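Each chain gets a letter, A, B and so on, in the order its sequence line appears, and its residues count up from 1. Small disclaimer: the values here were computed from a predicted structure and weren't measured. Side chains included, hydrogens not; waters and symmetry mates left out as well; all remaining heavy atoms used.
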Number of protein chains: 2
Amino acid sequence: MKPTFSLRLRIFNLNCWAIPYLSKHRSDRMKRLGDFLNMESFDLALLEEVWSEQDFQYLRQKLLPTYPAAHYFSSGVIGSGLCVFSKHPIQEFTQHVYTLNGYPYMIHHGDWFCGKAVGLLVLHLSGLVLNVYVTHLHAEYNRQKDIYLTHRVAQAWELAQFIHHTSKKADVVLLCGDLNLHPKDLGCRLLKEWTGLHDAYLETQDFKGSEEGCTMLPENCYVNQRELEPFPFGIRIDYVLYKAVSGFYISCKTLRTTTGCDPHSGTPLSDHEALMATLCVRHSPPQHTPSPTHGPAERSRLVSILEEAWIELDLGVAQARWWTTFAGYVIGLGLLLLALLCALAAGGGVREVAILLWTPSVGLLLGAGAVYVFHVQEAKGLSGARAELQHVLGRAREAQDLGPESQPALFLGQQEGDGTEEQ
Amino acid sequence: MKPTFSLRLRIFNLNCWAIPYLSKHRSDRMKRLGDFLNMESFDLALLEEVWSEQDFQYLRQKLLPTYPAAHYFSSGVIGSGLCVFSKHPIQEFTQHVYTLNGYPYMIHHGDWFCGKAVGLLVLHLSGLVLNVYVTHLHAEYNRQKDIYLTHRVAQAWELAQFIHHTSKKADVVLLCGDLNLHPKDLGCRLLKEWTGLHDAYLETQDFKGSEEGCTMLPENCYVNQRELEPFPFGIRIDYVLYKAVSGFYISCKTLRTTTGCDPHSGTPLSDHEALMATLCVRHSPPQHTPSPTHGPAERSRLVSILEEAWIELDLGVAQARWWTTFAGYVIGLGLLLLALLCALAAGGGVREVAILLWTPSVGLLLGAGAVYVFHVQEAKGLSGARAELQHVLGRAREAQDLGPESQPALFLGQQEGDGTEEQ
């Protein structure tokens, strides 16, 4: 590879809000999205919330001449909603479904049924190995009282670990998607700190689009205005994150977002805004000194974020166990009630009442049983994530205590992601 | 690293059969297992079916002086049952829970509740990166009519893909565990062919132990003799598999198994036999030519195994969809019945009968709903695995058509695992 080697990548990301029967103007928006993608001819288009595989097949047919490679990540009951269209051949792909993703009994929120996941594509471009990840984390329905916070932190950790373990031989790592996390949220900081990924919005010098890079705007006619009331400019929850490893530099030359409306038709492509990034990968010059992202201050930041995440997961474990205990008591109560009703029915005293009450008792028992099983599973899943996080935290603290010279051995995998060009 | 570099690894693997309240002599066997592991001082002890975390904590305390590092992989409702004890520090660990793992309504088989998974440990030994995987796949309850065959094939594929994507920077890869697969079963062939892992039993020249290396023996007093009737020597379903990558050689110097009874106490450590392997990792000499595991015959074998697995997964998808449709009809029927009963109750004609029948109707509806949701999820999971497999199959066929010179580009990841010393 020549020292003047340079690779330009044009990336598109959009949460499409394509829920059959529920999302407004879905087929029209899909059509316009296809036209736009064909016109722009990106290297990669990564989409979320394409819930219907028919929509994917429609786009696949439409985009075939421009994007010969495509894949839909199939998981859960409805989803995963993730798909990708690529101008270049996809060498490999796989997916990882998140262990925790909401509660099945929260049917009106529906996330549990979506099988939220992270999809991985491996591309070989001009001799570079490019690992591309696309994901969609659990939605946030109430920021003041967010019952899914722990699950989202656990998902962010699982995502970070999946990237960490599967990208060790990649030259360039790219993560796009709807994280449902604001930039300063714990999950977002944890993900960025543990993977070493950089935020295109913060890194680029050429940004055009919405105020503060927001990807859900009050101007967008599909957005629930009440939800955005506390945020006059909107919120930034969709991201293009990247890093280069092993002697490469990556920089974000330009970043564009849509701004809540389509100048041609008047209605936007989705309730989220699209992100369009132009990335440039170059050879790192031999005299390049490591970027200052692994100094004592950064190590201390990693330790403090890991501690914060550990506390969140630990609270989650405690709460899951509380629900398990509660459901256990209800099961006990249900069994007692059933025994009592059987005795009453056999005695003949109030047989009709006993028979009438039998149904809700069995229902109570089954319901409590399901809640019990679900929350035991939740506690185990959170414990697993907490144990992984605790191990990393222990090693980060060791590295902090021992000083900079010990770090290469302790953070062999993580430390290499420092090939991001300073803007 | 010197050219004379050599690393010796002593590995122990056992499915412990440690189910609280159900497994015979559990605490006595755990105690003896601890004593044995302390006495033998292996580099790594990998255990499956340690269902109780109390048992793990007991072993952890007991083994602390000899094995300072330990980890339990927490997942599912009961499990995962997987744990590891290591003489050397564990640099990193993570886990991947299999998407499909039996059916929740098959409570008597219980696998669904176990959260079967693969655990990954990363160790740095003498400058080598060693990826160690431990797993336990879905049990086989009836070999003639195996309703879990598709799930086990999907798990084997998921395991192979997880290893493939997470071991790209490892020098040595080691997989131990209870695969619940006979050596010639589709899942086992698929796993070995796609990862390039070698079977310690087939590779070693110094084997001592059970006939044909079996790990479930009729001589073992805890084994259900009737299940082993068709196999007079027993079955081989537990494995030590390995490969070396990037310029290293690995060979299995010795392999030992227990033989159904402990010479001291008379009763065995488990219903499975333990595997004890001594592996030797050496530098590959520069003149080393690639092993003949990637010739045309091997490529054609990979294609044929992938085709076989694709057919199995495709059948699985069809069956899952059949169940979905069936459950859909039952839901329709249940709704009709409920409407009828409401009408009858309102009419006052046979109110008592209507009230009595209301309970089973609601039960039918809820049950069918759960079956529907579960099998849609199954179909999506199997479709995901089938799509991944189909992509690999396509590329394997291309490689076959194009001849050997094209293969490095097509199988960049897979082809490197050829550092296994021929015995």
- Item | B:V122 side chain near B:I90 side chain, heavy-atom distance below 4.5 Å | no
- Message: Less than 4.5 Å to any heavy atom of chain B: does that hold for the side chain of A:E53, its backbone, both, or neither?
- Response: side chain
- Task: Could you tell me how the ring of B:Y98 sits relative to the ring of B:H96: parallel (under 30°), tilted (30 to 60°) or perpendicular (over 60°)?
- Result: perpendicular
- Query: At a heavy-atom separation under 4.5 Å, does A:F113 approach chain B through its side chain, its backbone, both, or neither?
  - Reply: side chain
- Residue, of A:Q161, A:H71, A:Q377, A:H165, that accumulates the most heavy atom pairs under 4.5 Å with chain B: A:H165
- Message: I'd like to know whether the aromatic ring centres of B:F85 and B:F56 sit less than 6.0 Å apart in this structure.
- Response: yes
- Note on the structure: When the 4.5 angstrom heavy-atom criterion is applied to B:Y372 and chain A, the contacting part is neither
- Please check if any side-chain donor atom of B:E378 sits under 3.5 Å from a side-chain acceptor atom of B:Y103, or the reverse. yes
- With a 4.5 angstrom heavy-atom cut-off, which part of B:L366 approaches chain A: side chain, backbone, both or neither? neither
- Which bit of B:T166 comes within less than 4.5 Å of chain A, counting heavy atoms only: side chain, backbone, both or neither? both
- Answer with yes or no whether the side chains of A:H391 and A:E388 bring together a donor and an acceptor at under 3.5 Å. no
- Checking heavy atoms, do the side chain of B:E158, its backbone, both or neither come under 4.5 Å from chain A? neither
- Task: Using a 4.5 Å cut-off on heavy atoms from C-beta on, say whether the side chain of B:F73 contacts that of B:C83.
- Result: no
